[in-house]
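Note that these values count all heavy atoms, side chains included, but never hydrogens, waters or copies made by symmetry. Convention: sequence-line order gives letters A, B, ...; per-chain numbering from 1.
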2 protein chains.
Amino acid sequence: MSPARATRGTPEQGLPRPVAGRSDGSDARTRGIPEATVARLPVYLRALVGLSERGIGTCSSEELAAATGVNSSKLRKDLSYLGSYGTRGVGYDVEYLRYQIAREIGVTQDLPVVIVGIGNLGHALANYSGFSSRGFRIVALLDADPVRVGEEVGGLPIGGLDDLEDIVTRERIAIGVIATPAAAAQEVCDRLVGAGVTSILNFAPTVLAVPDGVDVRKVDLSIELQILAYHEQRKAVGA
Amino acid sequence: MSPARATRGTPEQGLPRPVAGRSDGSDARTRGIPEATVARLPVYLRALVGLSERGIGTCSSEELAAATGVNSSKLRKDLSYLGSYGTRGVGYDVEYLRYQIAREIGVTQDLPVVIVGIGNLGHALANYSGFSSRGFRIVALLDADPVRVGEEVGGLPIGGLDDLEDIVTRERIAIGVIATPAAAAQEVCDRLVGAGVTSILNFAPTVLAVPDGVDVRKVDLSIELQILAYHEQRKAVGA
DNA sequence: CCCTGTGAAATCCTTCACAGCC
DNA sequence: GGCTGTGAAGGATTTCACAGGG
């Protein structure tokens with residue numbers, strides 16, 4: 001039972017949450033931001049970075065809500081879990097809120113990431129500049145195919161799977177991205193976890209089994225399309 | 001207000017659901033499968049296809065649950081929204097259930113899809129075989145860069161953005177995939193919607209504004225990583 | 001007067017537990 | 001006896017509406 005906190009990177013994800021935390025009561029809040037809120041914090045963060053780049057110093061919950069596609073009371077409730085970072089009658093200081101959210105998420109300094117499986121998708125991920133600018137540093141690319149090993153992608157050489165354990169421990173990598181074919185995903189996952197990885201972003205169309213304490217998020221392109229297809233069908237019938 | 005049903009392809013997604021539907025009462029069920037359930041149907045479908053390929057003819061809710069990473073009572077409740085397709089004391093007929101779910105989702109025959117933006121990610125999507133085998137047919141690839149136009153990817157030639165309206169109407173495309181840079185995404189979206197697309201899968205890191213009745217799902221790689229980072233941080237503190 | 005922060009209500013989702021059928 | 005289907009209970013999330021501070 002209990003496939004850990006694993007879930008799809010799609011609706012739901014309702015981790016029961018270990019609830020616990022150390023027994024010290026800390027504050028009232030601080031402990032236990034709802035999962036639904038956690039999933040929106042990165043969205044707010046991105047919007048704030050955008051506002052910041054456009055030189056905007058202050059924004060209301062209404063404005064930030066519009067920029068992120070959520071409604072303003074949800075946004076205010078979300079932010080209230082972090083603390084009281086706004087000013088009544090005024091709004092939020094963009095820089096300050098941005099920093100607070102980044103801190104809460106834990107991306108104030110770059111986290112090392114390894115990508116396993118450098119096929120089409122792995123290439124795209126390795127070249128994606130969004131990672132580096134948003135708190136992550138891709139430190140290794142690994143692939144099982146000897147032909148690819150040595151090739152350079154996005155400025156990094158592809159290593160072989162043999163290097164997996166070494167790299168993960170040496171670089172203290174906590175986050176792994178799996179972009180292998182489905183058949184290889186579970187084994188890669190096991191090795192990553194064995195080497196110390198505790199968070200996995202899985203693009204392979206498989207359900208990964210992981211021990212407790214390891215988080216898995218899944219991104220599945222055809223599942224996303226099928227969800228759209230369902231709604232599409234309803235519209236067609238209704239028309 | 002109401003940025004349509006738009007949302008991220010991540011937790012939540014709590015579309016308020018138009019609730020309505022035509023005024024005839026139809027059945028009791030049939031109308032209104034919960035959004036959380038809709039998001040899991042593709043997962044069940046994939047697992048059933050896997051079981052089917054392995055020659056398994058029947059499965060219990062417990063087995064299907066194990067294969068999909070949900071718990072069995074949730075799965076049974078989900079399936080109960082579709083109807084009573086199981087046999088008490090026995091389980092579900094794999095082929096039959098598979099067909100029923102595919103029908104419910106609306107992927108019994110292939111739906112045409114257009115991909116706009118054939119960069120690294122677009123390449124990966126165009127080459128992804130999972131689409132074709134799961135109810136979708138990529139009928140066009142479009143890119144704004146004249147240098148890329150004409151190039152062939154995954155067996156399809158890349159067209160220019162000028163062809164967008166033509167292709168969408170001619171092929172009656174209802175689903176579009178946006179894999180452009182963020183700056184271009186909204187304009188591409190507007191043109192897709194203008195030409196008749198009513199469902200969009202957005203990989204660009206922007207919030208798209210769409211009229212009512214258009215669904216948007218967003219897949220954002222760095223947001224997924226940031227959600228993992230949050231939990232990662234909590235683990236580190238707890239250790 | 002404006003906008004945040006938040007209890008309380010409403011809604012949605014999951015889990016429990018068991019009745020009902022094979 | 002085993003397993004589905006489902007009311008009812010329990011949680012979680014969203015929305016409402018307003019108190020409270022600038």
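Atom P of nucleotide C:dG5 and atom CD of A:Gln100 are separated by 12 Å, given to the nearest angstrom. In this structure, A:Leu64 atom CG and C:dT4 atom C1' are separated by 13 Å, rounded to whole Å. Rounded to whole Å, atom C1' of C:dT14 lies 13 Å from atom CG of B:Leu75. Taking atom CD of B:Glu35 as the reference point, atom P of D:dT14 lies 13 Å away to the nearest angstrom. The distance from atom CG of A:Asn71 to atom C1' of D:dT14 is 8 Å, rounded to the nearest whole Å.
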Subject >> Worked check of side-chain hydrogen bond (donor to acceptor under 3.5 Å, both in side chains) between B:Thr108 and B:Arg103 >> reply: CA-CA 6 Å; B:Thr108 43; B:Arg103 191 181 50 77; over 6 Å; no
**OP:** Mind running side-chain hydrogen bond (donor to acceptor under 3.5 Å, both in side chains) on B:Ser199 and B:Asp215 for me, showing each step along the way?
**Re:** CA-CA 5 Å; B:Ser199 289; B:Asp215 283 322; 4.5 Å; no
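With ring centers used as reference points, B:Tyr99 lies 6.0 Å or more from B:Tyr96.
Salt-bridge formation is not detected for the pair B:Arg40/B:Glu35: no Lys NZ or Arg NE/NH1/NH2 atom is positioned less than 4.0 Å from an Asp or Glu carboxylate oxygen.
Counting non-hydrogen atoms of other residues, nucleotides and ligands closer than 6.0 Å to CD of B:Glu95 gives a total above 12.
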**OP:** Could you encode protein contacts along nucleotides 2-10 of chain D as a string, one character per nucleotide from 5' to 3', using B for base contact, S for sugar-phosphate-only contact and - for no contact, with a heavy-atom cut-off of under 4.0 Å?
**Re:** BBBBBBB--
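Once rounded to the nearest 0.5 Å, the distance linking CD of A:Gln100 with CG of A:Asp93 reads 10.5 Å.
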